There are 2 protein chains.
Amino acid sequence: MREPTFLILTALARAPMHGYGLIQEVAELSGGTLELRPGTLYGALDRLTDDGLVSLDRQEIVDGRARKYYRLTDHGDAALRVETERLRRSVEAATRRLALRPAFPAGPSVTGGPAIAGGVA
Amino acid sequence: MREPTFLILTALARAPMHGYGLIQEVAELSGGTLELRPGTLYGALDRLTDDGLVSLDRQEIVDGRARKYYRLTDHGDAALRVETERLRRSVEAATRRLALRPAFPAGPSVTGGPAIAGGVA
DNA sequence: GAAGATATCTTCGTGTGCGATATATTGGCC
DNA sequence: GGCCAATATATCGCACACGAAGATATCTTC
């Protein structure tokens, strides 16, 4: 599961949403770093629906425009929990190892030194 | 950046490693859930080298077998930090929203609280 | 000398995400 | 009244990362 898919599930974890709302919600969740394109969104929704992680909640007509609300299924809820824990472990591992490194003396100059530090167990 | 790539950079954050060592290290980092295949590994190393995130540290001959050690560059260090924070934000968002859901009433009752909690931002 | 582990690397196929594009309706603007 | 932007859904093709499988080579063990 990649980031767009993960964030779609995350967005749906709070409440059912329709496609366009998901685009905005995911942008917010990612701090603006990820702009969901229609091709990504609807492709993901189809895939997730096939996999049973998401299902069509209801269909409304708002101002003459059809709105399809998608909902996280129990299966999707479980998958999101599993994936979240996987990611959490990765993030923790990376954080731990980055902390051992001499975190960049800042400055625009790269200052030659490889500065790799010795073998830590 | 996807998970295999992320974990390769994470593995290299501690110390330079050679390909085969990375396969084992990434398996350990992921708790055995991700087994890096040679195609994934060497493809990623080539790509990361082209992008300047990783570079060839040294080449040793151990027991007659060539070993190429790869090293995280400053650029790679920075990229890993950025990516780690991105992931951390995603994980926190998902955790927060999952905590709001009635975490599976399920049968055998999980005793009292969801107990997921943690510091919500 | 054959078998298995170590170690690197290539080729090929596929799934996912993304860009571009199409369609339709509403509302604002000139 | 016509045009454009925004809202909203949907499809197509491409690129890229990944994964499976196999080729190559050396060392160790039997």
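Sequence lines set the chain letters: A, B, ... in the order given, protein chains first and strands last, and positions in each chain run from 1. Note that this is a predicted model, so its numbers are computed, not measured.
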Worksheet item: Which residues satisfy the side-chain hydrogen bond (donor to acceptor under 3.5 Å, both in side chains) test with B:S55, sequence neighbours excluded?
Response: B:R71

Worksheet item: How would you list, by chain and number, every residue that makes a side-chain hydrogen bond (donor to acceptor under 3.5 Å, both in side chains) with A:T33, sequence neighbours excluded?
Response: B:R86

Practice prompt. Could I get the full list of salt bridge (Lys or Arg N to Asp or Glu O under 4.0 Å) partners for B:E85, not counting sequence neighbours?
Written response: B:R88

Item to complete: For A:E60, enumerate each residue passing the salt bridge (Lys or Arg N to Asp or Glu O under 4.0 Å) test, keeping only those at least two apart in sequence or located in another chain.
Response: A:R58

What donor-acceptor contacts under 3.5 angstrom involve side-chain atoms of residues 10-20 of chain A, with partners at least two apart or in another chain?
unit_1	atom_1	unit_2	atom_2	d
A:T10	OG1	A:F6	O	2.9
A:R14	NH2	A:E25	OE2	3.0

Practice prompt. If a pair satisfies salt bridge (Lys or Arg N to Asp or Glu O under 4.0 Å) and one of its residues is in residues 46-56 of chain A, list it, with sequence neighbours excluded.
Written response: none

Worksheet item: Is there any salt bridge (Lys or Arg N to Asp or Glu O under 4.0 Å) pair reaching into residues 29-40 of chain A, and which pairs are they, with sequence neighbours excluded?
Response: none

Worksheet entry | Rounded interatomic separation in angstrom, taking CG from B:L36 and C1' from D:dA17 | 12 Å

Discussion item. What is the separation between atom CG on A:L56 and atom C1' on D:dT9, rounded to the nearest whole Å?
Written reply: 13 Å

Worksheet item: Using a heavy-atom distance cut-off of less than 4.0 Å, which residues of residues 7-24 of chain A contact DNA chain D?
Response: A:H18, A:G19, A:Y20

Worksheet, complete the sentence: For A:L45 and A:V54, the nearest pair of non-hydrogen atoms, with its separation, is CD2-CG1, 4.3 Å

Worksheet, complete the sentence: On a heavy-atom basis, the closest approach of B:A27 and B:S30 is O-OG, 3.2 Å

Response to the item:
Of A:E35 and B:R67, the one whose closest nucleotide on DNA chain C sits nearer the 5' end is B:R67

Discussion item. Heavy atoms only, 4.0 Å cut-off, all strands: where does A:L34 land among base, sugar-phosphate and nothing?
Written reply: sugar-phosphate

Fill in: Residue B:R37, side-chain atoms from C-beta onward, closest of D:dA20, D:dC18, D:dA8
D:dA20

Tabulate protein N/O versus nucleotide N/O from nucleotides 10-16 of chain D, keeping only pairs under 3.5 Å, one per line.
unit_1	atom_1	unit_2	atom_2	d
D:dA10	OP1	A:K68	NZ	2.4
D:dT11	O4	A:G39	N	3.4

Discussion item. Applying the side-chain contact (heavy atoms from CB on, under 4.5 Å) criterion to B:Y70, which one of B:D57, B:L48, B:L56 satisfies it?
Written reply: B:L56

Response to the item:
Bounded by its outermost nucleotides with an atom under 4.0 Å from a heavy atom of chain A, the footprint on DNA chain C reads C:dT16 to C:dT26

Worksheet, complete the sentence: Sorted by chain and residue number, the side chain to side chain contact (heavy atoms under 4.5 Å, CB included) partners of A:P4 (sequence neighbours excluded) come out as A:R2, A:L34, A:L36, A:T40

